[in-house]
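One structure is given here, and the rest of the page talks about it.
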Amino acid sequence: MKKTVPLHLPDQTGSRVTIHSAALLGSAPDLASCPPSELPEFAFIGRSNVGKSSLVNMLTRVKDLARVSDTPGKTRLINFFLVNKSWTLVDLPGYGYAKVGKKDRATFSSFVADYLQNRPNLQGTFVLIDSRLTPQKIDLEFLAWMVGCGLPFVLTFTKTDKLSRAAAQANINAFLLRLQEISEDAPPVLTSSSKLSHGRSEILELIETTLAEIIA
Ligand SMILES: Nc1nc2c(ncn2[C@@H]2O[C@H](COP(=O)(O)OP(=O)(O)OP(=O)(O)O)[C@@H](O)[C@H]2O)c(=O)[nH]1
Ligand SMILES: [Mg+2]
């Protein structure tokens with residue numbers, strides 16, 4: 001997961017990676033309640049409403065597996081989805097949705113921080129960023145926290161169906177430029193549209209590569 005992949009917009013081909021099964025394994029309100037597991041785990045984090053739950057459904061091709069909503073803050077628990085009975089996708093509650101606290105701060109639950117720092121079988125963290133937006137302080141703050149903790153991540157720019165390719169690319173470039181102020185290392189960068197199933201192969205192949213590295 002630490003390797004850098006070239007930036008590319010999603011293709012429209014189907015993935016080589018086949019998902020045979022996907023099911024909700026359970027939900028947890030904190031790290032201590034997470035199901036003990038030795039299976040490799042891949043987590044999605046990002047601002048509320050960025051499209052984390054939609055991405056779980058798009059990747060697994062199971063409609064309504066994860067709960068999607070127009071209302072930010074829908075996902076409140078750590079949700080585990082068992083895929084192919086051999087690895088796990090984790091849908092985390094988003095940051096930036098808090099009834100209390102300073103507006104526009106990367107307020108995220110301490111149990112999410114605890115999960116990201118201490119879950120032993122976590123093999124990859126995808127940080128989702130809305131491709132429609134210019135660089136947002138809230139995302140940069142969250143990434144600064146990740147970098148400060150020494151946690152590797154993959155950036156995934158979501159909702160690319162909502163704007164032109166050129167406009168998305170401009171936002172992505174601007175974001176990556178800002179990221180250089182935080183991190184010397186360039187992360188892998190992917191794009192996705194859950195509506196059009198774009199980016200599915202790229203995300204699954206990154207997961208597949210990581211799984212192969214673990215086995216080797
Ligand atoms: N057009 C478009 N809409 C999307 C896409 N992904 C998500 N959405 C919409 O964005 C809204 C939020 O999606 P969710 O998947 O619930 O977002 P989330 O990040 O899980 O949100 P929280 O659980 O609140 O943190 C829903 O209305 C989705 O239909 C996408 O790729 N394209
Ligand atoms: Mg959600």
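Heads up: numbering here begins at 1 and tracks the sequence. When a ligand or atom number is given, it counts from 1 through the structure's own listing order.
Atom CZ of F157 is separated from atom CD1 of I172 by 5.5 Å, given to the nearest 0.5 angstrom.
With hydrogens and angles left out, the side-chain atoms of S131 and N171 include no donor and acceptor closer than 3.5 Å. A side-chain donor-acceptor contact under 3.5 Å links N121 and R119. No donor-acceptor contact under 3.5 angstrom links the side chains of N57 and S54, judged on distance only.
Under the 4.0 angstrom criterion for non-hydrogen atoms, P93 is not in contact with ligand 1. At least one heavy atom of P72 sits under 4.0 Å from some atom of ligand 1. Within the structure, the closest approach of T158 to ligand 1 does not fall below 4.0 Å when heavy atoms are considered.
Of all the heavy atoms of D161, the ones lying under 4.0 Å from any atom of ligand 1 belong exclusively to the side chain. Contact annotation for M58 and ligand 1: no heavy atom of the residue comes within less than 4.0 Å of the ligand.
Using modelled atom types, no side-chain atom of D130 and backbone atom of V50 make a donor-acceptor pair closer than 3.5 Å. Listed for the K195 side chain is no donor-acceptor partner under 3.5 Å among the backbone atoms of K159. Distance alone, capped at 3.5 Å, places no donor-acceptor pair between the E41 side chain and the L39 backbone. Judged by distance alone, with hydrogens and angles left aside, the side-chain atoms of S109 form no donor-acceptor pair with the main-chain N or O of V112 at under 3.5 Å. Remark: the backbone N or O of F81 is not paired with any side-chain donor or acceptor of T88 at under 3.5 angstrom.
Taking every non-hydrogen atom of V50 and a distance limit under 4.0 Å, the qualifying atoms of ligand 1 come out as 19 (O). Residue-ligand proximity, K162 to ligand 1, at heavy-atom distances under 4.0 Å covers atoms 1 (N), 2 (C). Remark: ligand 1 atoms within the under-4.0 Å shell around heavy atoms of G94 are 25 (O). With ligand atoms numbered from 1 in the order given, ligand 1 contributes 1 (N), 30 (C), 31 (O), 32 (N) to contacts under 4.0 Å with heavy atoms of K195. For ligand 1, the atoms sitting less than 4.0 Å from at least one non-hydrogen atom of S193 are 31 (O), numbered in the order shown with element in parentheses.
Screening the protein for N, O or S atoms under 2.8 Å from the Mg ion (ligand 2) yields 2; no waters enter the count.
Exactly one of I45, V147, L116 qualifies for a side chain to side chain contact (heavy atoms under 4.5 Å, CB included) with F153. That residue is V147.
Between atom 12 (C) of ligand 1 and the options G96, S69, S48, the minimum heavy-atom separation is to S69.
The shortest N or O to N or O distance between G51 and ligand 1 is under 3.5 Å. In terms of N/O distances under 3.5 Å, ligand 1 is not approached by S192. Polar contact check, D91 against ligand 1: no nitrogen or oxygen pair lies under 3.5 Å apart. For the pair R67 and ligand 1, the shortest N or O to N or O distance does not fall below 3.5 Å.
Ring planes of Y95 and F142: parallel class, angle under 30° (limits at 30 and 60°).
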